Amino acid sequence: MSATRKTSRDRAMIALTLTPPIALILFCVSAAATWQAGSATIRPLLEQSFSSELIDSPSPEAADYAARTSKEQTKSYRELIAAVDSLNYQYQFLFDALAEQEDLFDNLDQEHPVDAYIAEYLADAAPLLEMVRQFKFRASAIWQPNELGNPYRFSNGMLQSRGLTDLLMVEFRSAVRDKQTDRAIEAFDLFERLDPGINASASQRILPLVTRSIASGIWGEAELNQLDRRVHGSRDLEDIWQNRLRGTKLSQLPWLLRGEVSESWRYDAIPKTYAPSRRIQWLRHQDEFSRVRGIGTLAAIKQVIELENEWASQSESALDLALQIPAYNQHHHPGGSTQYFAILFAGIANERRYARTAIAVARYKLKYGDDPATLDDLSKVGLPRSETLDPTGHPFLFESDEQGCRLGNAAIEFTDGRGYSGLFDSRDSTLSSIVKQFVMLEFR
Amino acid sequence: MTTEATLSALTTRRHEASSTAWFWWKETRQLAPLIALLATVSLLIIVINAILDAAIGGQLRFRLPHEVTMLVFPGLFATGAGPLLVGQERSQRTIDWLALLPISSQRIATTKLLVAIAGLAVMWLFALLVITTFGLGRRETSYWMIGSTTGYSGNPFSYPVWISHSLFVLVAGYFVAWRIKNQFYSLIALIPLAFSPVIATSLVSEYVGRSLQTGQLDWINFGFTLLGIVIVTPLTYRAAIATLGAADAPAVTPLLDVSPHSPASETNDAIAPAFGTQTAPIIWQSLHSAKGMLAILVGMLLISFLAAVQLAAVDRYRGITGLLFWLLPLAPLAVCWLGISVFKHDGASQRIRFLADRGVSHRKAYLALHAVPISILSGSLLIYGVWNMTVVHEESVSGFAAGLPTVVTMLMFAAVIYSISQWVSQFVRTLILSVILAPILSLIAAGWLSFAYVSLGFPILGLVLCIAAPMIASWSMMRRYMDSTDRPVTFLAAGVVVAVITLLPVGVATSYVLSIPAMHPNQRQQLLNEAQSAPASSHRFVSIPMGGFLDSFQRLSYPYNDPMRDLKESLEHYQMDPQASVRLLKSRPDDNFIAQTNLYDYQRWHGGMMRARLRWRQAQNDPAQNDPAQNDPAWAELASWLDASGVLLSALRRGRLLTDQEIADRLEVLLIDTLRHDVPPERDDDAAVQMAIAAIGTPASRSAARRGAVVATLQSLLRNDKDRYYNFRLTALECQPEGLVGWMEPRMQDAFFIALLEGIEASAGRSEDQGWRLKLHALHQPGGVFQTSRYGDEMRSMPAMETMTLGRISGYGQLWGRDWEYVNFNHRKQP
């Protein structure tokens with residue numbers, strides 16, 4: 001006897017049991033709808049920064065790289081690098097010996113045991129240096145055969161591409177010790193044109209060497225002006241920062257558009273999916289980073305740290321996360337540590353300021369024949385006051401007395417008692433994190 | 001008279017002993033399904049362990065020690081005996097029939113208990129016999145592993161503790177079964193009671209303050225267990241007598257004021273609420289009759305949820321918060337019991353019969369029975385989902401919250417557990433057996449399906465099918481179940497379900513593996529014959545120090561070494577003289593040596609030759625050098641490199657490894673480039689130049705050499721499978737599902753060799769065919785973009801010198817068939 005007449009009790013009973021499953025289905029359906037809607041908003045967001053053809057190309061990274069570079073000097077560069085690499089392999093212990101030397105520019109007249117080896121090295125390297133001078137290599141004319149868009153990209157096939165920068169640094173050292181300033185400036189020039197990359201390790205940057213050479217007193221006024229112009233005209237850090245963020249976004253386009261991550265089971269055994277809201281969140285974070293102003297200052301570092309801390313204590317609560325597999329928090333943080341780069345850039349900015357201040361001291365000495373009494377005196381040779389400040393905003397340590405003058409690369413001789421703590425709570429630790437090592441130049 | 005005599009004879013013969021024997025036999029027979037279940041479960045554990053060991057070999061980090069399979073027998077027996085012998089009988093009302101027999105209730109109670117104790121003794125003897133015979137309890141082999149925790153179970157003192165504990169659990173089981181009528185409640189009550197000695201022991205150790213040794217804990221545990229047995233046994237006895245005896249008369253309540261209780265209203269109130277449809281009353285009845293049980297299950301879900309909420313709110317797990325983790329498994333257990341409650345709840349069989357008699361269609365009954373548990377599950381999943389929208393899933397806030405699985409993952413797990421449990425509860429006759437079997441089976445099923453998803457690449461659709469299979473099975477069996485004619489067809493359905501769940505993932509994985517074409521056996525045999533008859537297989541290997549002799553200088557990485565001394569010594573020891581490197585080859589040119597070297601050294605050679613070329617270029621452009629005399633030093637150096645490279649190239653081409661051929665290719669590219677760009681035609685008559693030109697091969701010769709290396713590699717691969725140095729590495733294997741890698745490796749290797757052979761042919765014939773390049777790209781650079789790789793047309797159209805990798809091989813065959821191969825030097829050869 002199946003009665004068809006439903007009483008209110010029937011309805012209540014059936015409603016009571018049907019409501020939770022229907023609510024769950026609605027939840028899942030709206031999560032799926034959110035997923036679809038999110039997916040659709042990603043491309044317009046990307047089109048704000050990149051052109052449509054670039055996004056559609058099989059490897060946007062490769063297309064962008066090809067647009068920025070030419071193959072003009074590729075062949076010669078590769079030939080040179082192979083030769084330099086072979087030479088440096090032969091002299092590999094020379095670089096270790098040089099790295100341990102702190103006093104290379106202190107007394108130019110004194111013979112140093114390593115000088116003989118440097119001379120030997122440079123004699124062997126003469127044809128290579130000749131080639132560098134002839135071609136005047138610049139990074140934008142050297143398209144490297146990186147297989148961008150493939151795993152293990154940046155496989156240009158050369159084991160060591162820092163050979164040339166090492167060679168030029170040795171050439172610079174030798175030129176300074178030989179007091180041949182035009183040779184030294186040329187080496188500096190050639191180095192900068194190569195643009196070894198802002199995240200190259202500190203030893204690959206020539207600026208600290210140049211600064212140390214200034215104290216040796218070999219430079220003339222015109223040369224110092226030249227150096228100052230070069231340092232002042234170095235690549236804008238803001239520009240490099242934006243480029244880096246742009247490059248990261250480009251390399252992640254497949255993940256952003258389609259949620260694809262090709263992962264080996266050695267690193268991550270469980271197949272994962274990434275909800276659009278998570279990808280959009282990453283994009284927004286990258287945009288926040290690109291809006292940080294004053295790259296190279298302590299304020300920028302603090303802003304980056306603040307942003308990262310803020311994000312570490314928040315997470316998206318979007319519906320589509322419920323459909324991710326397997327967990328809500330999927331680790332995928334491409335792009336490296338932005339904090340690291342902010343700190344690195346602040347260190348580079350400090351180096352540039354330090355170099356310019358040292359140059360100004362040397363110019364003052366040449367112009368007025370005497371040491372400046374304080375850093376304020378440097379305004380007489382056209383150095384703005386802002387260029388004499390360390391990352392914490394205090395002027396560089398400067399001592400001037402009868403024996404001569406000494407310039408430090410920070411306001412105090414800092415030590416971080418805890419070792420390199422990476423924290424910014426005290427002046428010592430801030431300076432240690434950014435400047436890494438205190439250097440004191442003695443002007444002769 | 002004879003009748004009287006017969007009767008008296010009968011009367012005298014009928015004595016107590018026969019009824020005892022019959023009673024013992026009846027009780028023992030009742031235990032039969034339990035024994036069958038235990039055998040099945042231990043068999044399952046053995047099979048699962050064996051499969052896991054054989055197929056995955058330690059990748060799945062879960063392992064049970066062998067004696068667990070044996071200890072299943074006494075352990076589960078102790079848990080199940082009481083509820084089976086007493087609880088089941090009570091729910092089926094056969095206990096009333098027993099009470100009517102002319103057997104005293106003491107006899108009934110004692111016999112039941114004694115039968116179980118005897119059974120337990122038999123179980124223990126069996127288990128211990130197997131353990132000692134097969135030596136299962138040894139420390140070396142007997143370890144368990146869950147995730148990253150490993151433990152040993154080799155404590156010999158524990159056995160007496162376990163035996164006495166199992167006895168205690170047996171008696172406790174009887175106690176709750178006699179005391180509590182509702183089977184579900186009695187099982188719930190059994191859990192804390194069974195753990196009470198353990199709880200008491202930990203309380204004592206907390207009270208004592210310091211951590212006690214295992215031996216002392218065992219003694220204390222033993223003591224509490226004996227105490228428990230001593231206390232619970234008389235209580236059990238008393239409860240049994242009370243149940244078997246006459247029921248108490250209901251209490252007399254004083255007469256109430258009658259006026260509000262008119263006979264009419266009394267009658268009306270006694271009637272159950274009226275419904276219009278058929279489904280609604282079944283649902284109402286599910287709720288009403290199982291109010292307590294559903295409340296307990298919802299309570300379990302709630303407790304587990306609240307524990308999760310608390311864990312997600314804190315950063316560190318100290319003290320009591322650490323114990324909250326133990327509350328989390330209540331949720332899957334509750335889901336499992338919800339599944340069981342579909343077909344096995346208090347009075348379930350009577351209910352089903354009632355519905356069948358009323359003509360309720362089996363479909364409606366099925367839906368109505370599932371309605372309440374499914375809505376409880378959906379409700380909890382919904383609450384979980386909504387709660388997760390308020391939680392911050394970041395490591396810095398709470399590690400627990402960061403690892404929370406999503407709604408869809410929880411849904412999958414809940415669905416598996418529920419589906420298996422409800423199928424088990426339809427399929428198994430008694431509640432206690434389904435309560436024991438369902439969690440084990442759903443755990444195994446959940447583990448197997450998640451393994452299939454993670455490691456076998458089983459798609460989500462397949463998971464859905466596997467989850468649906470038990471539901472479909474119980475749906476199709478519903479009509480027969482309602483008519484109680486489900487046996488033996490239900491075993492067939494069970495077989496189908498097990499087959500689907502086990503074989504579907506295997507089938508999908510197999511078809512995935514088989515989708516990669518393997519080499520035909522004929523072709524493989526042909527290639528092996530070719531390798532066997534190769535003339536080079538008898539040549540000798542000689543190692544060529546292409547990298548100079550710096551490597552003979554051992555630099556010890558002491559931090560206190562004097563760098564200047566190291567520098568001096570290294571420069572004295574270093575020698576990058578190409579003629580010195582090939583001296584052995586030159587001295588015995590007829591011996592046809594095979595040069596052995598590596599890519600790192602090749603890069604040194606390449607660089608050295610480049611230095612010579614650059615010096616030569618400078619010398620040529622140097623205006624001071626007017627007279628290009630035949631014996632100027634720059635040319636002499638370049639000539640020595642050319643000569644040595646020519647000698648080396650021929651020796652490298654005989655190489656039997658794929659890497660050797662790749663190095664030979666690179667050397668040949670270098671040589672051709674040098675001859676074309678840096679050797680002026682005037683110098684062609686130089687012996688060194690002629691040596692170099694003679695060493696340059698033709699596409700045919702190169703293809704023969706490459707083919708020789710390919711078949712030799714194939715031969716060595718098949719000869720010695722255990723040697724992992726195959727001279728090549730297939731990156732594509734790393735992006736396959738982990739569990740399939742072993743199966744895919746041979747097929748992918750076959751595909752690799754086929755692609756290599758195709759490539760060799762294509763480059764010999766200068767064909768534009770892309771197929772082999774696409775295949776090699778997929779094998780070496782999985783997930784990458786073909787057009788921008790070294791296999792793509794763009795990079796191949798550039799000169800090889802500008803794009804080839806020097807220090808490492810990112811893929812084989814990147815240099816094959818490119819323009820350098822077809823350069824002709826015949827016009828420069830001197831007769």
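Since we're looking at a predicted model, the values are computed, not measured. Below, chain A is the first sequence line, B the second, and so on; all start at residue 1.
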So what's closer than 4.5 Å to chain A heavy atoms on B/L411: side chain, backbone, both or neither? side chain
So, are A/E79 and B/R617 salt-bridged, with charged N and O less than 4.0 Å apart? yes
Between the CG atom in B/L614 and the CG atom in A/L129, the distance rounded to the nearest 0.5 Å is 11.5 Å
Given side chains that start at C-beta, do those of A/I325 and B/Y453 come closer than 4.5 Å, heavy atoms only? yes
Count the heavy-atom pairs under 4.5 Å between each of B/I283, B/V360, B/N388 and chain A, then report the option with the highest count. B/N388
From the list B/R611, B/M609, B/M801, B/E794, the residue making the most non-hydrogen contacts under 4.5 Å with chain A is B/R611
Heavy-atom nearest pair, A/P20 first then B/S375, reads CB-O, 3.2 Å
Chain A heavy atoms under 4.5 Å from B/V391: which part of the residue, side chain, backbone, both or neither? backbone
Residues pairing under side-chain hydrogen bond (donor to acceptor under 3.5 Å, both in side chains) where one sits in residues 16-25 of chain A, two or more places apart or in two chains, turn out to be none
The interface call for A/W143 against chain B, heavy-atom contacts under 4.5 Å, is side chain
Residues in side chain to side chain contact (heavy atoms under 4.5 Å, CB included) contact with B/L599, at least two apart in sequence or another chain: B/T659, B/I663, B/R666, B/I809
Smallest separation among heavy atoms of B/Q618 and A/P127, with atom names: OE1-CA, 2.8 Å
Side-chain contact, heavy-atom cut-off 4.5 Å: B/M564 with A/Y117? yes
Could you tell me the separation between the CH2 atom of A/W311 and the OG atom of B/S396, rounded to the nearest 0.5 Å? 13.5 Å
Please classify the contact between A/L87 and chain B as side chain, backbone, both or neither, with a heavy-atom cut-off of under 4.5 Å. both
Could you look at B/H677 and say if it's the side chain, the backbone, both or neither that has a heavy atom under 4.5 Å from chain A? side chain
Restricting to side chain to side chain contact (heavy atoms under 4.5 Å, CB included), what partner residues turn up for B/A800, sequence neighbours left out? B/V669, B/L815, B/R818, B/W820
Neighbour count >12 (heavy atoms, 6.0 Å) for atom CZ, A/F95: yes
OG-CD distance between A/S313 and B/E394, expressed to the nearest 0.5 angstrom: 8.0 Å
Tell me, for B/I460 versus chain A, whether the close heavy atoms (under 4.5 Å) come from the side chain, the backbone, both or neither. side chain
Is it the backbone or the side chain of B/Q736 that comes under 4.5 Å from a heavy atom of chain A, or both, or neither? backbone
Honestly, the part of A/L321 sitting under 4.5 Å from a heavy atom of chain B is backbone
In terms of heavy-atom pairs under 4.5 Å, which option from B/T409, B/V785, B/L287, B/V454 contacts chain A the most? B/V785
To the closest 0.5 Å, what do you measure between CD1 (A/I25) and OG (B/S378)? 7.5 Å
Report the distance from atom OG of B/S455 to atom CD1 of A/I270, rounding to the nearest 0.5 Å. 9.0 Å
Could you check if a side-chain atom of B/T788 sits within less than 4.5 angstrom of a side-chain atom of A/N146, using non-hydrogen atoms only? no
How many angstroms lie between atom CZ of A/F93 and atom NZ of B/K568, to the nearest 0.5 angstrom? 14.0 Å
With side chain to side chain contact (heavy atoms under 4.5 Å, CB included) as the test, would you mind laying out the steps for A/D85 and B/Q603 before giving the verdict? CA-CA 9 Å; A/D85 185 47; B/Q603 195 172 249; 3.3 Å; yes
Looking only at B/S361, B/G379, B/A612, B/A402, the option with the highest number of non-hydrogen pairs under 4.5 Å against chain A is B/A402
Against chain A, work out which of B/I383, B/V408, B/V397, B/L381 has the most heavy-atom pairs shorter than 4.5 Å and name it. B/V408
Taking the side chain as every heavy atom from C-beta outward, state whether A/Q144 and B/E802 have any pair of such atoms under 4.5 Å apart. no
Indicate yes or no: at least one non-hydrogen side-chain atom of A/P145 is less than 4.5 angstrom from one of B/R790. yes
Just checking, any donor-acceptor pair under 3.5 angstrom between side chains of A/E147 and B/Q781? yes
Interface check, chain A: of B/C735, B/G792, B/A401, B/G607, most non-hydrogen pairs under 4.5 Å belong to B/G607
Step by step, would you call A/K75 with B/D673 a salt bridge (Lys or Arg N to Asp or Glu O under 4.0 Å)? CA-CA 11 Å; A/K75 179 174 157 69; B/D673 189 70; 3.6 Å; yes
Heavy-atom contact with chain B under 4.5 Å, split by part of A/Q314: backbone
Which bit of B/M798 is near chain A, if near means a heavy-atom gap under 4.5 Å: side chain, backbone, both or neither? side chain
Does A/L323 reach the side chain of B/V407, with side-chain heavy atoms less than 4.5 Å apart? no
Closest heavy-atom contact between B/A280 and A/M13? O-CG, 3.5 Å
Heavy-atom side-chain contact between A/N150 and B/H777 under 4.5 Å: yes
Provide the closest heavy-atom pair for B/L567 versus A/A97 in the form atom of the first, atom of the second, distance. CD2-CB, 4.3 Å
Heavy-atom contacts under 4.5 Å, residues 119-126 of chain A to chain B: A/E120, A/D124, A/A126
Are the side chains of A/P326 and B/P405 in touch, meaning some heavy atoms are under 4.5 Å apart? no
Where does the angle between the aromatic ring planes of A/Y328 and B/H393 fall among parallel (under 30°), tilted (30 to 60°) and perpendicular (over 60°)? parallel
